[in-house]
Amino acid sequence: MKYDKLAVASAMPLAPVWRALCAGLVVLCAAVLMSFGARAEDLQPRLETARDGQNLIAALHIVIPAEFHAYGHEPGEAGRPTTVTFSVAGGRALPVYYPDGAVQRDYYDPAATVNVYEGNVTFYIPLPSDAAGKPFVADLSMLLCSSRKCMPVNEQVTGMVVRESAPLSGMPWRIQWQELQHRAPAAPPATQAEEGSDDAAGEAWARESAQATTGGWAEESMEKLPPPDGFDVRLSPRFLDDSMEISGLGKALLFGILAGLLLNAMPCVLPVLTFKVSGLLMVGGRDAAGLKRFRQHNLCFAAGVMTLFSALALVLGLADLMWGQLYQNQAVLMVMLLVVFLMGLSTLGVFSLPVIDLKTGANSKNPCLQAYFTGLVSTFLATPCSGPLLGGVLGWAFTQPLIIVVVVFWAVGLGMALPYILFCLWPDLARILPKPGAWMHVFERIVGFMLMGTALYLLSVLPVERHMQVLTVLLVLSLCAWLWGQYCGITAPPLRRKIMGVLGVGLLVASVFWVLRPVAPLPQWRQFTPEAFEANLGKKPMLLEFTANWCPNCKFMEATVLTDERMRKLQARYGMELVRVDLTNANAYAVRLLDALGSKSIPLTAIFPAGDEAGQPLVLRDVYSARTLEQALNETYEK
């Protein structure tokens with residue numbers, strides 16, 4: 001009995017911990033179950049008819065669910081074609097006119113270029129003159145795909161053709177129909193048996209695609225997308241401050257050096273600040289040997305910066321890619337994630353990373369190589385950022401021959417490496433740095449958590465369906481690092497462990513509830529489509545934001561300047577259309593529009609007025625303030 005009482009007494013303080021832990025597990029389980037909720041698969045079919053003289057035209061409208069696309073009737077190099085079999089009163093199948101699809105890379109075969117339908121799609125069928133008032137049957141066959149899964153769709157739509165039809169001239173789809181009318185319509189399927197075999201083949205293809213997404217790594221192709229047909233945008237962009245725009249090589253080199261210098265303060269590079277500080281403070285004393293090590297460290301770091309900028313100039317220039325577009329490649333993201341995660345473990349003291357030993361005062365077998373690789377890593381972390389002045393410099397450079405691109409990139413690299421070159425030439429400048437001390441070890445731990453935050457950010461850019469696999473890899477990587485570093489736990493009093501346990505579980509539960517909190521929708525932002533853009537250009541005032549999930553500065557702008565509350569007020573004041581141009585994945589139309597705006601980097605905001613001046617949008621590059629945005633809107637819409 002004595003031992004039972006002791007057991008109960010010792011268990012009582014842990015009861016809140018267990019209750020909190022159980023609550024956290026319930027929330028996590030609910031989150032997992034919610035992630036498997038069914039998507040809206042209703043295509044919302046709707047038939048509309050119009051009279052064109054003596055001819056009767058039917059328009060079959062459908063809506064592709066959000067985050068999905070259907071392969072076009074001519075799907076391109078991969079995918080199952082969309083087909084519509086339309087008949088009236090049980091008669092023969094009628095010819096169908098299919099719209100063109102948008103050009104993009106296939107989700108599951110990134111080397112293939114495909115044509116896809118997204119959003120609202122309309123198919124056109126010329127009807128017999130006596131079809132009014134008769135029943136119709138439309139069989140839809142298509143393959144809906146998202147980045148996570150594919151679903152074959154075979155849906156039959158039935159109804160009655162309306163007796164009275166409005167004239168074609170009043171229909172919003174009149175222009176698209178007239179453009180398609182000059183083409184030969186797609187012939188209907190010959191037999192039902194052939195159609196059934198096509199469905200079976202499509203379902204088999206969907207199963208193979210789903211297996212590919214779970215069994216292999218679908219890498220994004222870095223090849224340039226073919227130029228989209230029918231989207232030839234010619235604009236004359238204006239800029240808020242023309243004096244900051246590049247007009248020649250001399251100005252590009254000067255601004256390139258300044259932009260590179262400012263890159264050292266960008267959030268992409270800040271997590272590796274500890275490498276620079278520890279290297280500068282701990283490489284040696286004030287004697288001749290210490291001075292030599294100090295200069296060697298700075299020179300090797302600068303060499304690493306210049307090496308990667310040279311490589312980036314060649315890769316981006318030859319492949320005609322924009323700044324930061326390497327982050328569209330999942331393999332590059334995965335490598336970067338593993339490197340950053342290992343750096344975080346090393347900085348947190350779990351182990352010592354070979355070649356790049358990040359801890360303060362650590363003895364490296366090859367300090368020059370360590371400093372060189374640190375320069376490489378710092379520069380590579382800077383690639384998704386576009387700091388002040390860099391947008392204009394790159395926008396001009398990428399319109400020039402390759403040798404000019406390389407020279408401009410050298411100027412940017414020189415600017416980023418300039419502080420370390422100055423320390424190498426004048427070591428006495430190191431006196432401006434704080435003195436080494438115990439504070440550096442605390443600072444390292446803080447930066448270690450910053451690196452872990454960077455790893456989480458890189459994980460968020462990867463496809464959601466890959467997160468579990470990537471986390472498993474990181475877990476195994478952590479175990480290996482722990483074994484390698486001969487991890488030894490730190491003992492602490494039992495009471496302190498209990499208190500920290502309760503706080504840790506509380507933070508876990510709070511963070512889960514924070515993630516699952518209801519998020520207000522943003523209906524005012526429309527996703528960019530070339531058709532809608534061309535239809536609204538000059539007719540409506542528009543604000544276009546170019547963004548991507550791999551662009552931290554874009555997310556910073558959305559959180560501080562382009563906020564929901566502010567944009568609602570500005571939209572109400574100016575009556576403008578808000579359009580978000582997403583460059584997270586390859587998008588040939590978006591890149592063409594970015595080129596037309598004289599840019600090769602994001603973030604970028606373009607303000608289009610209505611009327612004759614729509615071809616002269618006002619462009620805001622890189623990072624700007626809310627006051628700058630309102631000034632630009634006033635200049636554009638309150639003339």
Side-chain angles (χ1 to χ4, degrees), residues 69 99-105 113 115-116 118-119 220 222-240 245-246 316 319-325 327-328 386 390-392 394-399 525-551 553-554 557-558 562 567 576-622 624 629 632-633 636:
H69 69 233
D100 294 329
V103 181
Q104 71 174 49
R105 295 292 184 196
T113 302
N115 304 312
V116 300
E118 296 177 317
E220 292 282 346
M222 294 306 296
E223 298 176 4
K224 186 181 179 182
L225 285 172
D229 297 328
F231 189 67
D232 189 11
V233 181
R234 301 181 184 276
L235 304 173
S236 301
R238 299 176 297 112
F239 300 97
L240 192 61
E245 295 303 312
I246 307 301
L316 300 182
D320 194 17
L321 302 175
M322 69 178 187
W323 178 261
Q325 196 170 350
Y327 276 74
Q328 290 180 349
S386 176
L390 189 58
L394 297 181
W396 178 85
F398 281 116
T399 63
W525 283 101
R526 295 181 180 271
Q527 293 299 320
F528 166 78
T529 61
E531 296 83 3
F533 175 79
E534 291 182 315
N536 293 331
L537 185 62
K539 299 178 182 178
K540 295 181 179 179
M542 294 186 292
L543 182 145
L544 270 65
E545 181 215 0
F546 289 79
T547 184
N549 289 343
W550 43 261
C551 173
N553 284 357
C554 302
M557 292 298 298
E558 292 169 7
L562 304 174
M567 298 313 296
M576 58 188 174
E577 183 111 358
L578 302 180
V579 182
R580 185 159 280 155
V581 187
D582 192 354
L583 282 161
T584 300
N585 298 309
N587 187 323
Y589 294 100
V591 173
R592 173 68 65 86
L593 183 57
L594 192 63
D595 286 340
L597 292 169
S599 296
K600 279 282 189 178
S601 66
I602 56 176
L604 181 136
T605 303
I607 303 172
F608 289 81
D612 297 334
E613 296 183 357
Q616 298 180 340
L618 186 60
V619 176
L620 302 178
R621 295 188 190 273
D622 306 322
Y624 54 86
L629 174 63
L633 292 172
T636 303

Q: Measure across Tyr589 and Gly101 and return the closest heavy-atom pair with its distance rounded to 0.1 Å.
A: OH-O, 4.2 Å
Q.
Under the criterion side-chain contact (heavy atoms from CB on, under 4.5 Å), I'd like the reasoning laid out for Met576 against Leu633: C-alpha separation, chi angles, the key distance, then a yes or no.
A. CA-CA 10 Å; Met576 58 188 174; Leu633 292 172; 3.9 Å; yes
**Q.** Closest non-hydrogen atom pair, Pro617 against Ala614
**A.** CD-O, 3.8 Å
Q.
With a 3.5 Å distance limit and no angle check, can you tell me whether Thr636 reaches the backbone of Ile607 through a side-chain donor-acceptor pair?
A. no
Q.
Nearest 0.5 angstrom please: Cys551 SG to Phe546 CZ, how far?
A. 12.5 Å
Q. So do the side chains of Met567 and Leu629 get within less than 4.5 Å of each other, counting heavy atoms only?
A. yes
Q) Are side-chain heavy atoms of Met542 and Asn536 found at a separation under 4.5 Å? A) yes
**Q.** Asn549 side, atom CG; Cys554 side, atom SG - distance, nearest 0.5 Å
**A.** 9.5 Å
Q | Gap between atom CZ of Phe608 and atom CG of Leu543 - 0.5 Å precision | A | 9.5 Å
Q | Any side-chain heavy-atom pair of Thr113 and Val103 under 4.5 Å | A | yes
Q. Looking just at side-chain N and O atoms, do Thr547 and Arg580 make a donor-acceptor pair shorter than 3.5 Å?
A. no
Q) Would you say the side-chain atoms of Trp550 pair up with the backbone N or O of Leu583, donor to acceptor, closer than 3.5 Å? A) yes
Q | Atom pair NZ/CD of Lys540 and Glu577 - distance to nearest 0.5 Å | A | 4.5 Å
Q: Please round to the nearest 0.5 Å and tell me the distance separating atom CH2 of Trp525 and atom CG of Leu578.
A: 5.0 Å
Q.
Show, in sequence, the C-alpha distance, side-chain angles and deciding distance for Leu235 and Leu593, and conclude whether the side-chain contact (heavy atoms from CB on, under 4.5 Å) test is met.
A. CA-CA 9 Å; Leu235 304 173; Leu593 183 57; 4.1 Å; yes
Q) If you measure from CE on Met557 to CD1 on Ile602, what distance do you get to the nearest 0.5 Å? A) 12.5 Å
Q.
Within the structure provided, determine whether Gln527 and Glu118 are in side-chain contact (heavy-atom separation under 4.5 Å).
A. no
Q.
I'd like to know if the side chain of Asn587 and the backbone of Ala590 have a donor-acceptor N/O pair within less than 3.5 Å.
A. yes
Q) Just by distance, with hydrogens left out, do Thr605 and Tyr624 show a side-chain donor and acceptor under 3.5 Å apart? A) yes
Q. Does the side chain of Leu562 come within less than 4.5 Å of Glu545's, by heavy atoms?
A. yes
